[in-house]
Protein chains: 2
Amino acid sequence: MSNIDTMSVNAIRVLSADAVQKANSGHPGLPLGSAAMAYELWAKHMNHNPKNPTWANRDRFVLSGGHGSTLLYSLLHLFGYGNLSKEDLANFRQLDSLTPGHPEYGHTVGVEATTGPLGAGMAMAVGMAMGEAHLAAKFNKEGYPIVDHYTYVLGGDGCMMEGISSEAFSLAGTLALNKLIVLYDSNKISIEGDTDIAFTEDVKKRFEAFGFQTLVVEDGNNLEEIGAAIEAAKADKTRPSMITVKTKIGFGSPKEGQASAHGEPLGVDNVAALRVKLGWPSTEDFFVPEEVYDNFNSITEKNTKIEEAWNKLFKEYSEKYPDMKELWDKHHDEAIAKELLDSEDFWAYADKPDATRNLSGMVINRIKDLVPGFIGGSADLSPSTKTYMKEEGDYSKDNYAGRNLHFGVRELAMAAIGNGLALHGGLRPFVSTFFVFSDYVKPMARLSSLMGLPLTFVLTHDSIGVGEDGPTHEPIEQLAMLRAMPNFTVFRPADATETIASWYYAITSTKTPTALVLTRQNLPQYANSSKEALKGAYIIAPSTKEVPDAIILASGSEVELGVKAKEELLKDGIDVRVVSVPSIDVFEQQSKEYKEAILPNNVRARVAIEAAIDFGWGKYVGLDGAYVTMKGFGASAPAAKLFEKFGFTTENVVSTVKSIL
Amino acid sequence: MSNIDTMSVNAIRVLSADAVQKANSGHPGLPLGSAAMAYELWAKHMNHNPKNPTWANRDRFVLSGGHGSTLLYSLLHLFGYGNLSKEDLANFRQLDSLTPGHPEYGHTVGVEATTGPLGAGMAMAVGMAMGEAHLAAKFNKEGYPIVDHYTYVLGGDGCMMEGISSEAFSLAGTLALNKLIVLYDSNKISIEGDTDIAFTEDVKKRFEAFGFQTLVVEDGNNLEEIGAAIEAAKADKTRPSMITVKTKIGFGSPKEGQASAHGEPLGVDNVAALRVKLGWPSTEDFFVPEEVYDNFNSITEKNTKIEEAWNKLFKEYSEKYPDMKELWDKHHDEAIAKELLDSEDFWAYADKPDATRNLSGMVINRIKDLVPGFIGGSADLSPSTKTYMKEEGDYSKDNYAGRNLHFGVRELAMAAIGNGLALHGGLRPFVSTFFVFSDYVKPMARLSSLMGLPLTFVLTHDSIGVGEDGPTHEPIEQLAMLRAMPNFTVFRPADATETIASWYYAITSTKTPTALVLTRQNLPQYANSSKEALKGAYIIAPSTKEVPDAIILASGSEVELGVKAKEELLKDGIDVRVVSVPSIDVFEQQSKEYKEAILPNNVRARVAIEAAIDFGWGKYVGLDGAYVTMKGFGASAPAAKLFEKFGFTTENVVSTVKSIL
């Protein structure tokens, strides 16, 4: 290893240790242990251009162990990404700084994914690699490998322990994603102590079982050994690769090899000792010798040329294959909103009772023709969630161009892979499972929300309407769970028009993930349902009087009950307004005036009907209203019996309304 | 295989197929494919006594592939568990029947765990095996192996794909749980088709990597081969075992080997064809030849003697070791409530500011001395969650008597293992992680709720008080997520007294899991906090007037803000009541009168303060109140700066109260 390489690696170490020390908070262990592999990768093997961080064909790098963020920030600073300055490093973990505690996508230039929850980055990287393989299969032409990049992901023991990484890597092996390269920072230390207390498995063998090439770097500070392993990984054209890099947590500091190096500052004395141990030329905070900057700059210059060559190739490609260029642009363009909104075909439906999952399947098969980057699938439930795109083929190692993804029974990894597909760019992914299993999906849906990725979640079998499968399969509290999540939109449509509106909302969203919560059972079509559904709530059955005697609010399958109860109540001279609420989240965003028009403040007799827990409806029902909702878990029986058992009858709604008048 | 064995296996098949057909709903594929291994296990290798289904030393059996419930119901019927009748089988999946779609613990005698969400049963079985090893280490004496049983779990490809099984089995290997035996029903079929589309990994090799003995049964209908594998598994005294049993989904029916055999009735004609293929002696629905019942009865007679022998042994043990007998009874007795409530020591605390996570750690170290079955740990965060029990040792393969569990970074499996420990009996488990990672925990916490298991979840770092770690680590919507779950109690205490009350509630609960949501940062102690916290909400700072001008509701760390704002408001002549709400769930269960006393209906000026999303507070705040809550995700900065940035200041609370007066 040349002197300048050593200095560069140590610059990463010193900057990371200084940033954590300055913040008096953070995780120095990973950056000190992994600095060499990260430098070797970024400096000598990765195609990336700091001057154009969104270059489409760049190699992707995900720091799955997001707590080691100063490793990434140091690299970004040294390479000059987004002009991340020494001051930014010194502002690590401070309010509104560019260097938050964990890397945040969309916040700091050069961060490819928000990470922190362990294992998530691993699965997102699998999604990126799947995206690359798909676009390569679709776009590349003889002599024009315009999509041709690697996806690297770096994580430690924690990432390996999390089940999501097994889910994702099992799939990566099945799909033979040879452009995926996993760097396993193996330091044998966890927060509670030596990993032996909870993790003695043979990780390498597990990856062999998944179908990976496995490589081992015995000395995690040996750049040549690391470099050789990376090249061997790149050379395997049939399998993804996993490189075990044996490292020492907190390398070079007096806390080297100790659990206490993981998640707290080293201490001023220990940082000083680190400098001495590394032979660092200055005791000044955040000092980096000029020759180190020169080294990084010269690498960037080389990399700039790599992008220039690609730009030239892409230009030729565009001229030679204008149709492909047009398709490429469509893949990278989000602006289809207006076109869709005005399209009669898009909004058409047969006027007969149908399940919203079927109607969603119909819309999916329209969108696939309109949005070429639309891609997705289910966690082994597509025959039930109705998400199969006809004539679009199955994504497999023999057909990366297929648009139907088979995630297997792996809901959590599925959601993360969906994020990875969205992060890659050029794609418009959706994922799907039963609504009750949104529980498994939640941790990664939260990352979609945090990152502002417009991933769509198709969640069917949305209530006790599931019927015979019983309480383990009947969502009760999942609507509340997802509605409560910031920057996440839940739609529960009541019929075809609302289902199409929900999909319209999802597919035109740019910064917010959307969940479509859909029925297994048939629902009627409403004459009054409309694109007003896009406002989240609207009057689907007006009262005769201007000021109604009461307001019934309902979503999805329970709108029918509201409408029926309204008719019954009218016979008794009670004049009710029925408000369909396909999306509380969207309604919340409407103007005060619109809200008042739908739910006038002076009408306090309000009843919410939903085959779910009432949690969250109080905001609209208030202290004088009432609920027709679930009070606990469901049961196993034919759906019609369950709706009756749990009080979802016209009679009960009628008497509930009367009880508050 | 003898004729009576064949007939018995086929009886399981025919009963299962009939039940699904009669219900016109269900999953015949697994029962037909797995009937032979289940029969061999239950008839010839498992120690169980249908006449005493709760015998403490019975072998445990978990059907992880819960959709194949008719396999289990058929066994329970044939063995005479709980007098489960043919009529019960004929009522499969019907309202209020004993045979719901998926097996439900506490509902059907002989069902050891509620299963359905795939993989969950696998991890719960690991928990049961951990419980067995712990109690064996604690209680067994030379010549008196009074805790000495196996835990069997049966599941298919879906269970193997779910990440939770990798998490749990990796830990099982680390802990060398040799009494755990996994039966892998390997039929190569998933709902979307051949498993090759998503699951080509070498499962056997993965288990080898985990440290399991792996065995293969080539012919899943060969009882001798199955039996030999089970005996080989039992014989391994150092490792858990996994037996791959190669089966055919829907065996014997015309749909054999097809995905369509999985989750829908075979059809009347196919059930008839199954009978013919199996040479079944009758076309009558649910017909079982008498000699088959005789066979099962004779097995039960044999098994009854096994329990009798154990009872004799246990009697001798009790006489020889009266102290141990007393300890045993304490392990199996839940009645410590009264004692704790009146104990001054239990409720004592130092009157100085402290973090509720620390206070919880203090209580944990009290409970461990009072409740010998108390056992638990963290997903690699115990130094942060403060859950370590001093002087109680670390649970490991070398010390199963240790009470501190190290789950590794595996939150989902941790929760399921907690369920398994509780299901085993004799133990009072808790699990712990950061509150934000309750997202990962949720699917298994739902099973705790469904099963009515009093598992305790210690969830620390409960708000933006996390500070520098930033939005990935700051819970915002998790309170709503958990509060919305039926039969699940969330406590967010404000000081020492409330923290002790929360633990009191958790440890005396018998049918409801409890989450303790705790701060990282210090909180003040209140003079007025009290055991009234056990009612979920109470007046912590009364108004001077009987009818207050406004009510401030707050939980946990935000109670302080409420109290401070009250003082400020009083200076302006505004007389406010502050209600501390440690548990919305518990408050909801109070009488109408109590609720009215705390939140009088005529006081409509109400402000809720909580460093979380407002979702769910509307029920108390109503249409005329206001909120001081989070509006989106958090940020990375020192905690104090974040509370200020997001409006958690006395000034903001004061002005919010004024705005609604």
Side-chain angles (χ1 to χ4, degrees), chain A residues 25 93-95 100-102 116-118 158 161-164 166-167 170 173-174 190-192 197-202 205-206 209-210 380-382 406 408-410 412 439-440 442-443 450 468-472 476-477 480-481 484-486 613 615-616 618-619 622-623 632-633 636-637 641, chain B residues 25 93-95 100-102 116-118 158 161-164 166-167 170 173-174 190-192 197-202 205-206 209-210 380-382 406 408-410 412 439-440 442-443 450 468-472 476-477 480-481 484-486 613 615-616 618-619 622-623 632-633 636-637 641:
Chain A
S25 166
R93 295 184 157 234
Q94 303 310 304
L95 195 59
H102 291 79
L118 295 178
M161 285 190 246
E162 289 284 358
I164 188 172
S166 277
E167 291 184 358
S170 175
T174 297
S190 65
I191 291 175
E192 294 182 358
I197 59 171
F199 189 55
T200 57
E201 69 163 77
D202 183 340
K205 194 166 186 176
R206 167 151 58 106
F210 292 151
D380 197 36
L381 284 172
S382 74
H406 298 284
V409 189
R410 305 179 180 104
L412 184 60
D439 280 3
Y440 284 96
K442 168 71 173 38
L450 266 169
E468 290 89 344
D469 274 342
T472 58
I476 301 296
E477 74 280 20
M481 173 178 85
M485 185 155 54
I613 213 80
F615 204 84
K619 199 169 204 172
L623 305 183
F633 290 111
S636 170
K641 301 247 179 201
Chain B
S25 167
R93 295 182 157 236
Q94 304 310 303
L95 194 59
H102 291 78
L118 294 179
M161 285 190 247
E162 289 284 359
I164 188 173
S166 278
E167 291 184 357
S170 175
T174 297
S190 64
I191 293 175
E192 293 182 358
I197 59 172
F199 190 54
T200 57
E201 70 165 74
D202 184 339
K205 194 167 186 176
R206 167 152 56 104
F210 292 151
D380 197 35
L381 284 172
S382 73
H406 298 284
V409 189
R410 305 179 180 106
L412 184 58
D439 280 6
Y440 284 97
K442 168 74 171 44
L450 266 169
E468 290 91 342
D469 274 342
T472 58
I476 301 297
E477 73 279 21
M481 173 178 84
M485 184 154 55
I613 213 80
F615 204 83
K619 199 170 205 173
L623 305 184
F633 291 111
S636 169
K641 300 248 178 199

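Protein chains get the first letters and strands the later ones, always in sequence-line order, with residue 1 at the start of each. Fair warning: this is a prediction, and the values are worked out from it, not measured in the lab.
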Look at the side chain of [X] and the backbone N and O of [Y], then say whether any donor-acceptor pair between them is shorter than 3.5 Å.
X       : Y       : value
E468(A) : Q94(B)  : no
D380(B) : I191(A) : yes
R410(B) : A198(A) : yes

Tell me, do [X] and [Y] make a side-chain contact under 4.5 Å, heavy atoms counted?
X       : Y       : value
I476(A) : M485(B) : no
F615(A) : K619(B) : no
H102(A) : S636(B) : no
S190(A) : V409(B) : no
E162(A) : E167(B) : yes

Contact class of [X] relative to chain A, heavy atoms under 4.5 angstrom:
X       : value
S25(B)  : side chain
L412(B) : side chain
I613(B) : side chain

If we define contacts as heavy-atom pairs under 4.5 Å, which of [options] has the most with chain B?
options                            : value
K205(A), H406(A), E192(A)          : E192(A)
G116(A), P443(A), S382(A)          : P443(A)
G163(A), G173(A), A209(A)          : A209(A)
L623(A), I164(A), D202(A), I197(A) : L623(A)

**Asked** For E201(B) and T174(A), which heavy atoms make the closest approach, and how far apart are they?
**Response** N-OG1, 4.3 Å
**Item:** Nearest-0.5 Å distance that lies between atom OH in Y440(A) and atom OH in Y440(B)
**Value:** 14.5 Å
**Asked** Can you tell me how far the CG atom of D439(B) sits from the CE atom of M481(A), to the nearest 0.5 Å?
**Response** 8.0 Å
Of all of [options], which one pairs up most often with chain A through heavy atoms under 4.5 Å apart?
options                           : answer
G622(B), P486(B), A637(B)         : P486(B)
G632(B), P100(B), G616(B)         : G616(B)
L95(B), D469(B), T472(B), L118(B) : D469(B)

